[in-house]
**Q** 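Here it is: the structure, laid out below.
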Amino acid sequence: QVQLAESGGGLVQAGDSLRLSCTASGRTFRDGNLAWFRQAPGKEREFVASIPRDGAYTYYADSVKGRATISTNMPKNTLFLQMSSLKPEDTAVYYCATSRTIYYDGHLASKESSYAYWGQGTQVTVSS
């Protein structure tokens, strides 16, 4: 089992930057991909970014490409999402997730069903 805990959310203004963190405990990030998803009010959860545990590539949703950077600190079992130029439409609960299998296919890496472990989420609210 892997336990994930997100932090770093909050209320920010449009144009601000924010860094989210996700810390793993238990079996930690030993296996597959690490990812961020988000869910806005009244909408389905959507993919944001993914990175395999070896850091071979990063994959982003079009909606955040150029504004988001996913990264890891594997010795500290921590995943990050740095976001800049935040927009009100970025308002959502942000979740980190990890998979049992490593994916080098961006399509598979962006699917919710590819991920076995999820955190509880952290709220990000961007005011205009």
**Q** Thr72 and Thr78: side-chain contact (heavy atoms from CB on, under 4.5 Å), yes or no, with the steps?
**A** CA-CA 6 Å; Thr72 62; Thr78 305; over 6 Å; no

**Q** Would you say the side-chain atoms of Ser50 pair up with the backbone N or O of Ser110, donor to acceptor, closer than 3.5 Å?
**A** no

**Q** Output every pair passing ring pair (Phe, Tyr, Trp, His ring centres under 6.0 Å) with a member in residues 54-97, not counting sequence neighbours, ordered by first then second residue.
**A**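 Those involving residues 54-97 are Phe47-Tyr59.
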
**Q** Going through the checks in order, is the side-chain contact (heavy atoms from CB on, under 4.5 Å) test met by Arg45 and Val93?
**A** CA-CA 9 Å; Arg45 190 155 53 185; Val93 177; over 6 Å; no

**Q** Is there a side-chain contact between Asp90 and Arg38 in this structure, where contact means two heavy atoms from C-beta onward sitting under 4.5 Å apart?
**A**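 Answer yes - side chains close enough.
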
**Q** Take Met74 and Arg53 through the test side-chain contact (heavy atoms from CB on, under 4.5 Å) and record every step on the way to the result.
**A** CA-CA 8 Å; Met74 297 304 284; Arg53 60 178 172 81; 3.9 Å; yes

**Q** Look up atom CD in Glu46 and atom OG in Ser63, then write down how far apart they are to the nearest 0.5 Å.
**A** 5.0 Å

**Q** Check whether any side-chain N or O of Glu6 sits under 3.5 Å from a backbone N or O of Gly121 as a donor-acceptor pair, and report yes or no.
**A**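 Yes: the side chain of Glu6 pairs with the backbone of Gly121.
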
**Q** Under a 3.5 Å distance rule, please check whether Ser127 uses its side chain to pair with a backbone N or O of Val12 as donor and acceptor.
**A**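 Here the side-chain-to-backbone pair exists.
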
**Q** Specify the closest pair of heavy atoms between Leu79 and Ala35, including all atoms of both residues, with the distance to one decimal.
**A**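 For Leu79 and Ala35, the tightest heavy-atom pair comes out as CD2-O, 3.7 Å.
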
**Q** Would you please test Ser17 and Gln82 for side-chain contact (heavy atoms from CB on, under 4.5 Å) and show each step?
**A** CA-CA 7 Å; Ser17 298; Gln82 177 75 42; 3.9 Å; yes

**Q** Can you tell me how far apart CG (Leu34) and OG1 (Thr58) are? Round to the nearest 0.5 Å.
**A**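 Those atoms lie 12.5 Å apart.
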
**Q** Side chain of Thr91, backbone of Glu89: donor and acceptor closer than 3.5 Å?
**A**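 Checking the backbone N and O of Glu89 against the side chain of Thr91, no donor-acceptor pair under 3.5 Å is found.
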
**Q** If you compare all heavy atoms of Thr101 against all heavy atoms of Ser99, which two are closest, and at what distance to 0.1 Å?
**A**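 Closest approach of Thr101 to Ser99, heavy atoms only: O-OG, 2.6 Å.
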
**Q** Can you confirm whether more than 12 heavy atoms, excluding those of Lys65, are under 6.0 Å from its NZ atom?
**A** yes

**Q** Looking only at heavy atoms, what is the nearest atom pair of Gln39 and Lys43, with distance?
**A** NE2-O, 3.0 Å

**Q** In Å, rounded to the nearest 0.5 Å, how long is the span from CD of Gln1 to OG of Ser25?
**A** 10.5 Å

**Q** Report the distance from atom CE of Met83 to atom CD1 of Ile70, rounding to the nearest 0.5 Å.
**A**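 One gets 11.5 Å once the value is rounded to the nearest 0.5 Å.
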
**Q** List the residues meeting ring-ring contact (aromatic ring centres under 6.0 Å, His included) with Tyr115, not counting sequence neighbours, and say none if there are none.
**A** Phe37

**Q** With a 4.5 Å limit on heavy-atom distance, are the side chains of Ile102 and Asn33 in contact?
**A**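 Side-chain contact under 4.5 Å: yes.
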
**Q** Surrounding CD of Glu112 (heavy atoms of other residues, nucleotides or ligands, distance under 6.0 Å), is the total greater than 12?
**A** yes

**Q** So does Leu11 get a backbone contact from the side chain of Thr125, meaning a donor-acceptor N/O pair under 3.5 Å?
**A** no

**Q** If you look at every heavy atom in Val2 and Ala24, which pair is closest and at what distance?
**A** CG1-CB, 4.2 Å

**Q** Considering all heavy atoms of both residues, which atom of Ala49 and which atom of Leu81 are nearest to each other, and what is their separation?
**A** CB-CD1, 4.3 Å

**Q** Quick one: pull up CZ in Arg67 and OG in Ser84 and give me the separation to the nearest 0.5 Å.
**A** 7.0 Å

**Q** Is there a donor-acceptor pair closer than 3.5 Å between any side-chain N or O of Ser85 and the backbone N or O of Gly15?
**A**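 No, the answer is negative, given that no donor and acceptor are paired below the 3.5 Å cut-off.
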
**Q** Tell me the closest heavy-atom pair linking Leu20 and Leu18, and the distance in Å.
**A**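 Heavy atoms only, the tightest pair is CD2-CD2, 3.9 Å.
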
